[in-house]
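Report on the following structure.
Below, chains carry the letters A, B, ... as their sequence lines are ordered, and counting in each starts from 1. As a basis for the values below, the full set of heavy atoms in this structure was taken, side chains included, without hydrogen atoms, waters or symmetry mates.
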Protein chains: 2
Amino acid sequence: MNIGDVAALSGLPAKTIRYYEDVGLVKPLRSTNGYRTFRESDAHKLAFLGRSRALGFSIEDCRNLIALYEDEKRASAEVKDIAEQHLERIDDKIAELKEMRATLAHLVDACAGDHRPDCPILADLATKHRGEEQLKNTAL
Amino acid sequence: MNIGDVAALSGLPAKTIRYYEDVGLVKPLRSTNGYRTFRESDAHKLAFLGRSRALGFSIEDCRNLIALYEDEKRASAEVKDIAEQHLERIDDKIAELKEMRATLAHLVDACAGDHRPDCPILADLATKHRGEEQLKNTAL
DNA sequence: CTAGGGCTTCCACCAACTGGAAGGTCAAGC
DNA sequence: GCTTGACCTTCCAGTTGGTGGAAGCCCTAG
């Protein structure tokens, strides 16, 4: 299989597949004309990668997940550990975004959004907030 | 004020402030020794930037927000428009993360996480999913 | 034999910083 | 007067995960 074929099969752009080879995630063979030659196992691995990335796993996580996938003697605990850490990162991110969203939605709501210059959004951004007092004479 | 002073006041790292100068967000003066000299207005602008970035606005958004902030004849509608677009991006991101989270949480739940190799997480990643059929003979 | 599509490499770019090296400046203390 | 240490300067490289594009083979159909 050439790169175009695995691209179609895995749904990944050819560019991305070359990048994955660059970072050592796949190691396709080369035919005499220099073209990459992908085995079934490579195609399979690329599909695995596509799904892992779609779940937001980092490239490094993917590397570890694939290593575990290929290790028949793995402990599922190791996989679960990676997934749980990722879950935690996702939760943190969601929490952060929700807080932004709340603040922003509140401001948008308060803004007339007309021809006049008065704007609570800008007013808020221009104002020092609680907890934002800079640490000056905090020593002592 | 030197960079360390505005850094302390704004809560931004000096490196970041230099970067903001690089991209044209602040234009501090220079004293004879080559040090950046920040006016009150620069410090104020940096604080504004810090808060905007904390709400997740991009640098480009910040550039526009500051321009509007400094334009006495702005229409609040322009500000609101930027904020609403950003709100939408945040909502999209939250939705995406929530979907990842749901899938992942489900998989983590199903995984024993012990010494045995059997792992529903890996099994799922290795399996083709609905809607993932690649477009082969889709033409016609 | 030529046109096209597919393949190759390499380089540059995106966001928004961050780290580090090499070196100039300044105020305090001896 | 000199040293020490905290600041400051610039510049270069790295981060994450690709993406876009140029220049140039390769291969097949007409």
Donor-acceptor side-chain pairing of A:D81 and A:Q85 below 3.5 angstrom: yes
DNA chain D-proximal residues of residues 45-66 of chain B, any heavy atom under 4.0 Å: none
Salt bridge A:R18-A:E21, side-chain N to carboxylate O under 4.0 Å: no
Euclidean distance, atom CG of residue B:D22 to atom C1' of D:dT10 [Å, nearest integer]: 10 Å
A:A14 vs B:K15, nearer the 5' end of DNA chain C by closest nucleotide: A:A14
More than 12 heavy atoms of other groups within 6.0 Å of B:R39 CZ: yes
Outermost DNA chain C nucleotides near chain B [under 4.0 Å, heavy atoms]: C:dA16 to C:dC26
Most 5' of A:Y19 and A:Y35 on DNA chain D, judged by nearest nucleotide: A:Y19
Sugar-phosphate, base or nothing in reach of B:R36, heavy atoms under 4.0 Å: sugar-phosphate
For atom CD1 of A:I17 and atom C1' of D:dG18, their distance in whole Å: 13 Å
Gap between atoms CD and C1', on A:E21 and D:dG18 respectively (whole Å): 15 Å
Phosphate OP1/OP2 of D:dC25: any A:N33 side-chain N/O under 4.0 Å: no
Distance, nearest 0.5 Å, that separates CG of B:N33 from CG of B:N2: 7.5 Å
Gap separating the OH atom of A:Y35 from the CD1 atom of A:I3, nearest 0.5 angstrom: 11.5 Å
Neighbour count above 12 (heavy atom, 6.0 Å) for A:E70 CD: yes
Lys/Arg N to Asp/Glu carboxylate O, B:D114 vs B:R116, below 4.0 Å: yes
Pairwise distance CG(A:D42) to CZ(A:F48) - rounded to 0.5 angstrom: 14.5 Å
